[in-house]
Amino acid sequence: MSTTPATTALLAWLTPSMFALFLYGVGQGLIKKYIGEVSPARFCLYFVLAKAIVNLSWFFTHEHPSLLSADGRAFLELGVLAYIIDGTGWILYFESIIAGPITIVGTLSAAYPALTVVFARIFLGEQLGALQYAAVAFVIGGCLGLSYSPPDADIKILSRRWIPLAFLALLCWATSNTIVKHAYSLPEASEVNLMVCNTIGGVLSLGLYGFLKGRQGTHTAREYLHSFVPMGMMAGGDLGVMIASRYGPISIVVPLTGAYPVVTLAFAALILKERVSKLQYGCVAAIIAGMVLCQP
(Lines give C-alpha, C1' and ligand atoms only; values in the text may rest on other atoms or scores of the structure.)
Protein backbone atom coordinates (compact mmCIF):
# COMPACT_ATOMS: atom_id res chain seq x y z
CA MET A 1 0.00 0.00 0.00
CA SER A 2 1.46 3.35 -1.03
CA THR A 3 1.80 6.22 1.43
CA THR A 4 0.69 9.78 0.82
CA PRO A 5 3.24 12.65 0.74
CA ALA A 6 1.80 13.92 4.03
CA THR A 7 2.35 10.53 5.69
CA THR A 8 5.89 10.33 4.31
CA ALA A 9 6.67 13.82 5.65
CA LEU A 10 5.25 12.89 9.06
CA LEU A 11 7.24 9.67 9.30
CA ALA A 12 10.44 11.52 8.30
CA TRP A 13 10.54 13.17 11.72
CA LEU A 14 8.22 11.01 13.83
CA THR A 15 10.23 7.81 13.30
CA PRO A 16 13.60 9.24 14.47
CA SER A 17 11.76 11.00 17.32
CA MET A 18 10.39 7.68 18.59
CA PHE A 19 13.83 6.13 18.12
CA ALA A 20 15.35 8.91 20.25
CA LEU A 21 12.58 8.61 22.85
CA PHE A 22 13.32 4.92 23.37
CA LEU A 23 17.10 5.25 23.49
CA TYR A 24 17.00 8.25 25.85
CA GLY A 25 14.62 6.42 28.17
CA VAL A 26 16.64 3.21 28.41
CA GLY A 27 19.91 5.17 28.58
CA GLN A 28 18.63 7.24 31.51
CA GLY A 29 17.42 4.05 33.19
CA LEU A 30 20.90 2.55 32.96
CA ILE A 31 22.45 5.78 34.26
CA LYS A 32 20.02 5.60 37.20
CA LYS A 33 21.17 2.04 37.82
CA TYR A 34 24.91 2.74 37.67
CA ILE A 35 25.18 6.36 38.87
CA GLY A 36 26.49 5.15 42.23
CA GLU A 37 29.47 3.53 40.49
CA VAL A 38 30.42 6.28 38.04
CA SER A 39 30.81 10.01 38.67
CA PRO A 40 28.98 12.58 36.49
CA ALA A 41 32.30 13.80 35.07
CA ARG A 42 33.20 10.25 34.00
CA PHE A 43 29.79 9.91 32.35
CA CYS A 44 30.58 13.11 30.40
CA LEU A 45 33.94 11.73 29.31
CA TYR A 46 32.38 8.52 28.02
CA PHE A 47 29.48 10.46 26.50
CA VAL A 48 31.89 12.35 24.25
CA LEU A 49 33.55 9.09 23.21
CA ALA A 50 30.16 7.57 22.42
CA LYS A 51 29.15 10.68 20.45
CA ALA A 52 32.30 10.45 18.36
CA ILE A 53 31.76 6.76 17.54
CA VAL A 54 28.04 7.06 16.74
CA ASN A 55 28.17 10.38 14.89
CA LEU A 56 31.28 9.72 12.83
CA SER A 57 30.11 6.22 11.91
CA TRP A 58 26.93 7.76 10.49
CA PHE A 59 28.91 10.56 8.82
CA PHE A 60 31.28 8.23 6.96
CA THR A 61 28.50 5.89 5.80
CA HIS A 62 26.03 8.47 4.43
CA GLU A 63 26.19 11.01 1.64
CA HIS A 64 26.65 14.62 2.67
CA PRO A 65 27.81 18.02 1.36
CA SER A 66 31.51 18.77 1.58
CA LEU A 67 32.59 20.10 4.96
CA LEU A 68 34.94 22.44 3.09
CA SER A 69 32.18 24.12 1.08
CA ALA A 70 32.19 27.89 1.54
CA ASP A 71 28.41 27.96 1.20
CA GLY A 72 28.02 25.60 4.15
CA ARG A 73 30.38 27.40 6.52
CA ALA A 74 27.64 29.36 8.30
CA PHE A 75 25.69 26.14 8.91
CA LEU A 76 28.71 24.38 10.39
CA GLU A 77 29.63 27.34 12.59
CA LEU A 78 26.11 27.62 13.97
CA GLY A 79 25.98 23.85 14.45
CA VAL A 80 29.18 23.78 16.51
CA LEU A 81 27.97 26.80 18.53
CA ALA A 82 24.63 25.06 19.22
CA TYR A 83 26.31 21.96 20.62
CA ILE A 84 28.85 23.88 22.67
CA ILE A 85 25.83 25.56 24.28
CA ASP A 86 24.10 22.18 24.65
CA GLY A 87 27.19 20.67 26.31
CA THR A 88 27.48 23.71 28.58
CA GLY A 89 23.88 23.06 29.62
CA TRP A 90 24.82 19.53 30.68
CA ILE A 91 27.80 20.84 32.66
CA LEU A 92 25.59 23.37 34.45
CA TYR A 93 23.04 20.61 35.12
CA PHE A 94 25.64 18.32 36.70
CA GLU A 95 27.04 21.18 38.77
CA SER A 96 23.53 22.11 39.95
CA ILE A 97 22.92 18.49 41.02
CA ILE A 98 26.13 18.59 43.08
CA ALA A 99 25.16 21.93 44.66
CA GLY A 100 21.41 21.49 45.12
CA PRO A 101 18.49 19.11 45.66
CA ILE A 102 18.13 16.63 42.79
CA THR A 103 14.36 16.52 43.40
CA ILE A 104 13.99 20.16 42.34
CA VAL A 105 16.83 20.30 39.82
CA GLY A 106 15.52 17.23 38.01
CA THR A 107 12.00 18.64 37.82
CA LEU A 108 13.25 22.00 36.60
CA SER A 109 15.42 20.44 33.91
CA ALA A 110 12.38 18.61 32.50
CA ALA A 111 10.83 21.99 31.65
CA TYR A 112 13.30 22.86 28.86
CA PRO A 113 10.87 21.77 26.08
CA ALA A 114 8.44 24.47 27.25
CA LEU A 115 11.08 27.16 26.79
CA THR A 116 11.98 25.66 23.40
CA VAL A 117 8.35 26.05 22.28
CA VAL A 118 8.43 29.72 23.37
CA PHE A 119 11.73 30.36 21.57
CA ALA A 120 10.48 28.64 18.42
CA ARG A 121 7.43 30.91 18.39
CA ILE A 122 9.43 34.10 19.00
CA PHE A 123 12.60 33.53 16.97
CA LEU A 124 11.57 31.01 14.30
CA GLY A 125 7.97 32.07 13.75
CA GLU A 126 6.91 28.46 14.28
CA GLN A 127 3.20 28.17 15.07
CA LEU A 128 1.11 25.17 16.02
CA GLY A 129 -2.62 24.68 16.15
CA ALA A 130 -4.50 25.19 19.42
CA LEU A 131 -4.94 21.43 19.87
CA GLN A 132 -1.24 20.84 19.27
CA TYR A 133 -0.26 23.43 21.88
CA ALA A 134 -2.62 21.71 24.33
CA ALA A 135 -1.04 18.35 23.46
CA VAL A 136 2.46 19.74 23.99
CA ALA A 137 1.31 21.08 27.37
CA PHE A 138 0.09 17.58 28.30
CA VAL A 139 3.48 16.09 27.38
CA ILE A 140 5.50 18.72 29.22
CA GLY A 141 3.23 18.58 32.29
CA GLY A 142 3.49 14.80 32.37
CA CYS A 143 7.28 14.95 32.14
CA LEU A 144 7.43 17.46 35.00
CA GLY A 145 5.29 15.15 37.10
CA LEU A 146 7.43 12.11 36.36
CA SER A 147 10.60 14.05 37.16
CA TYR A 148 9.32 15.15 40.56
CA SER A 149 10.07 13.27 43.76
CA PRO A 150 9.44 14.40 47.36
CA PRO A 151 12.37 16.28 48.90
CA ASP A 152 14.58 14.48 51.39
CA ALA A 153 14.43 16.25 54.76
CA ASP A 154 17.81 14.78 55.74
CA ILE A 155 19.63 16.62 52.94
CA LYS A 156 20.87 20.05 54.01
CA ILE A 157 21.37 22.65 51.28
CA LEU A 158 24.15 25.01 52.30
CA SER A 159 24.16 27.19 49.18
CA ARG A 160 21.65 28.50 46.66
CA ARG A 161 24.22 28.43 43.89
CA TRP A 162 22.26 25.60 42.24
CA ILE A 163 19.36 27.94 41.37
CA PRO A 164 21.12 30.05 38.70
CA LEU A 165 22.99 26.96 37.49
CA ALA A 166 19.75 25.03 36.92
CA PHE A 167 18.05 27.95 35.17
CA LEU A 168 21.08 28.54 32.96
CA ALA A 169 21.06 24.86 31.98
CA LEU A 170 17.41 25.22 31.02
CA LEU A 171 18.23 28.30 28.95
CA CYS A 172 21.18 26.59 27.24
CA TRP A 173 19.17 23.55 26.11
CA ALA A 174 16.29 25.62 24.74
CA THR A 175 18.73 27.96 22.97
CA SER A 176 20.65 25.06 21.44
CA ASN A 177 17.48 23.47 20.04
CA THR A 178 16.37 26.77 18.54
CA ILE A 179 19.76 27.42 16.93
CA VAL A 180 19.82 23.94 15.40
CA LYS A 181 16.40 24.44 13.81
CA HIS A 182 17.46 27.82 12.44
CA ALA A 183 20.71 26.36 11.10
CA TYR A 184 18.71 23.92 8.98
CA SER A 185 17.36 26.89 7.01
CA LEU A 186 20.88 27.83 5.84
CA PRO A 187 22.58 26.75 2.57
CA GLU A 188 24.22 23.29 2.52
CA ALA A 189 22.32 22.27 5.66
CA SER A 190 22.68 18.56 6.33
CA GLU A 191 21.81 16.39 9.33
CA VAL A 192 24.84 14.24 8.47
CA ASN A 193 27.22 17.19 8.69
CA LEU A 194 25.44 18.34 11.84
CA MET A 195 26.66 15.14 13.50
CA VAL A 196 30.22 16.37 13.06
CA CYS A 197 29.17 19.65 14.68
CA ASN A 198 27.62 17.67 17.55
CA THR A 199 30.88 15.80 18.05
CA ILE A 200 33.07 18.91 17.95
CA GLY A 201 30.74 20.85 20.24
CA GLY A 202 30.66 17.92 22.66
CA VAL A 203 34.46 17.70 22.76
CA LEU A 204 34.82 21.44 23.40
CA SER A 205 32.32 21.41 26.28
CA LEU A 206 31.57 18.02 27.85
CA GLY A 207 34.91 16.62 26.77
CA LEU A 208 36.85 19.39 28.45
CA TYR A 209 34.71 19.12 31.60
CA GLY A 210 35.07 15.35 31.71
CA PHE A 211 38.81 15.50 31.12
CA LEU A 212 39.43 18.05 33.86
CA LYS A 213 37.15 16.42 36.45
CA GLY A 214 36.90 12.79 35.45
CA ARG A 215 40.31 11.67 34.22
CA GLN A 216 41.75 11.08 37.69
CA GLY A 217 41.78 7.58 39.11
CA THR A 218 41.63 4.20 37.45
CA HIS A 219 39.30 3.31 34.59
CA THR A 220 38.15 -0.29 34.99
CA ALA A 221 36.51 -2.45 32.34
CA ARG A 222 33.38 -2.64 34.52
CA GLU A 223 33.16 1.13 34.78
CA TYR A 224 33.74 1.48 31.06
CA LEU A 225 30.89 -0.93 30.29
CA HIS A 226 28.50 0.66 32.79
CA SER A 227 29.28 4.12 31.41
CA PHE A 228 29.67 3.55 27.70
CA VAL A 229 26.50 1.50 27.11
CA PRO A 230 24.07 4.14 28.49
CA MET A 231 26.09 6.95 26.96
CA GLY A 232 26.04 5.16 23.61
CA MET A 233 22.23 5.06 23.85
CA MET A 234 22.13 8.76 24.70
CA ALA A 235 24.36 9.50 21.70
CA GLY A 236 22.03 7.43 19.51
CA GLY A 237 19.12 9.44 20.89
CA ASP A 238 20.90 12.66 19.93
CA LEU A 239 21.30 11.30 16.41
CA GLY A 240 17.56 10.69 16.20
CA VAL A 241 16.81 14.22 17.42
CA MET A 242 19.19 15.76 14.87
CA ILE A 243 17.37 14.00 12.04
CA ALA A 244 13.90 14.74 13.42
CA SER A 245 14.76 18.41 13.97
CA ARG A 246 15.44 18.88 10.29
CA TYR A 247 12.13 17.51 9.05
CA GLY A 248 9.69 18.27 11.88
CA PRO A 249 8.52 21.28 13.90
CA ILE A 250 10.94 21.80 16.77
CA SER A 251 7.97 22.78 18.97
CA ILE A 252 6.78 19.15 18.75
CA VAL A 253 10.04 17.24 18.26
CA VAL A 254 11.66 18.49 21.47
CA PRO A 255 8.68 17.87 23.81
CA LEU A 256 8.12 14.48 22.17
CA THR A 257 11.70 13.28 22.53
CA GLY A 258 11.83 14.90 25.97
CA ALA A 259 9.08 12.52 27.09
CA TYR A 260 11.65 9.76 27.64
CA PRO A 261 10.83 9.58 31.40
CA VAL A 262 7.94 7.34 30.32
CA VAL A 263 10.42 4.78 29.01
CA THR A 264 12.72 5.31 32.01
CA LEU A 265 9.79 4.70 34.35
CA ALA A 266 8.96 1.44 32.57
CA PHE A 267 12.63 0.43 32.80
CA ALA A 268 12.72 1.27 36.52
CA ALA A 269 9.55 -0.73 37.16
CA LEU A 270 10.52 -3.80 35.11
CA ILE A 271 14.30 -3.94 35.62
CA LEU A 272 14.98 -2.04 38.85
CA LYS A 273 11.71 -3.25 40.45
CA GLU A 274 10.70 0.23 41.57
CA ARG A 275 7.09 0.90 42.56
CA VAL A 276 5.03 3.13 40.25
CA SER A 277 2.74 5.60 42.05
CA LYS A 278 -0.73 6.72 41.02
CA LEU A 279 0.70 10.15 40.18
CA GLN A 280 3.21 8.57 37.82
CA TYR A 281 0.51 6.52 36.11
CA GLY A 282 -1.48 9.71 35.62
CA CYS A 283 1.55 11.50 34.18
CA VAL A 284 2.17 8.65 31.74
CA ALA A 285 -1.47 8.84 30.62
CA ALA A 286 -1.12 12.60 30.05
CA ILE A 287 2.06 12.13 28.01
CA ILE A 288 0.56 9.39 25.84
CA ALA A 289 -2.57 11.51 25.23
CA GLY A 290 -0.33 14.43 24.27
CA MET A 291 1.68 12.26 21.88
CA VAL A 292 -1.48 11.16 20.10
CA LEU A 293 -2.96 14.66 19.88
CA CYS A 294 0.19 16.53 18.81
CA GLN A 295 0.41 14.95 15.36
CA PRO A 296 -0.37 17.41 12.52
Side-chain angles (χ1 to χ4, degrees), residues 1-25 78 82 85-86 89 107-148 170-186 189-191 194 237-265 279-296:
M1 184 175 63
S2 61
T3 58
T4 64
T7 301
T8 302
L10 174 64
L11 292 177
W13 63 266
L14 185 58
T15 302
S17 293
M18 293 295 98
F19 176 78
L21 176 72
F22 175 78
L23 289 182
Y24 279 157
L78 264 186
I85 294 173
D86 177 76
T107 305
L108 183 61
S109 68
Y112 77 91
L115 193 56
T116 302
V117 173
V118 173
F119 283 3
R121 180 68 180 265
I122 296 173
F123 299 110
L124 303 177
E126 193 171 278
Q127 297 188 27
L128 305 178
L131 183 60
Q132 289 176 311
Y133 276 121
V136 167
F138 274 131
V139 173
I140 294 172
C143 290
L144 288 171
L146 287 181
S147 301
Y148 173 77
L170 194 73
L171 183 63
C172 282
W173 288 331
T175 300
S176 173
N177 289 322
T178 307
I179 292 175
V180 166
K181 187 61 180 178
H182 170 66
Y184 273 131
S185 67
L186 300 177
S190 163
E191 68 272 20
L194 189 66
D238 281 354
L239 185 148
V241 171
M242 283 185 275
I243 297 172
S245 297
R246 177 172 188 179
Y247 299 106
I250 201 71
S251 300
I252 296 180
V253 169
V254 170
L256 201 59
T257 56
Y260 63 81
V262 172
V263 180
T264 304
L265 181 67
L279 171 63
Q280 290 172 322
Y281 277 123
C283 291
V284 169
I287 291 171
I288 293 175
M291 287 179 174
V292 173
L293 295 173
C294 74
Q295 310 310 322

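Crowding of Phe22 atom CZ: a count of heavy atoms from other residues, nucleotides or ligands under 6.0 Å not exceeding 12. Within a 6.0 Å sphere centred on OH of Tyr24, heavy atoms belonging to other residues, nucleotides or ligands number more than 12.
Distance CG/Leu21 to CE/Met291: 4.5 Å, rounded to 0.5 Å. Distance check, rounded to the nearest 0.5 Å: CG of Leu11 to CE of Met18 gives 11.5 Å. Rounding to the nearest 0.5 angstrom, the gap separating the OH atom in Tyr184 from the CG atom in Leu78 is 12.5 Å.
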* To do: Show your reasoning for whether side chain to side chain contact (heavy atoms under 4.5 Å, CB included) applies to His182 and Leu124.
  => CA-CA 7 Å; His182 170 66; Leu124 303 177; 3.8 Å; yes
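In this structure, Thr178 contributes its side chain and Ala174 its backbone to a donor-acceptor pair below 3.5 Å.
For the pair Lys181 and Asn177, the minimum side-chain heavy-atom distance is 4.5 Å or more. Between Thr175 and Phe119, the closest side-chain pair of non-hydrogen atoms falls below 4.5 Å.
Heavy-atom minimum distance, Gly145 versus Cys283: CA-SG, 3.5 Å. The minimum heavy-atom distance linking Gly237 with Ala20 is given by the pair O-CB, 3.3 Å. Ala82 approaches Val180 most closely through the heavy-atom pair CB-CG2, 3.7 Å. In terms of heavy atoms, Met242 sits closest to Glu191 at O-CB, 4.1 Å.
The only member of Ile85, Asp86, Thr116, Leu115 that meets side chain to side chain contact (heavy atoms under 4.5 Å, CB included) when paired with Trp173 is Asp86.
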Acceptor/donor pairs from residues 248-259 side chains to any protein atom, 3.5 angstrom cut, sequence neighbours excluded:
from, atom 1, to, atom 2, distance (Å)
Ser251, OG, Glu126, OE2, 2.7
Thr257, OG1, Val253, O, 2.9
Thr257, OG1, Val254, O, 3.3

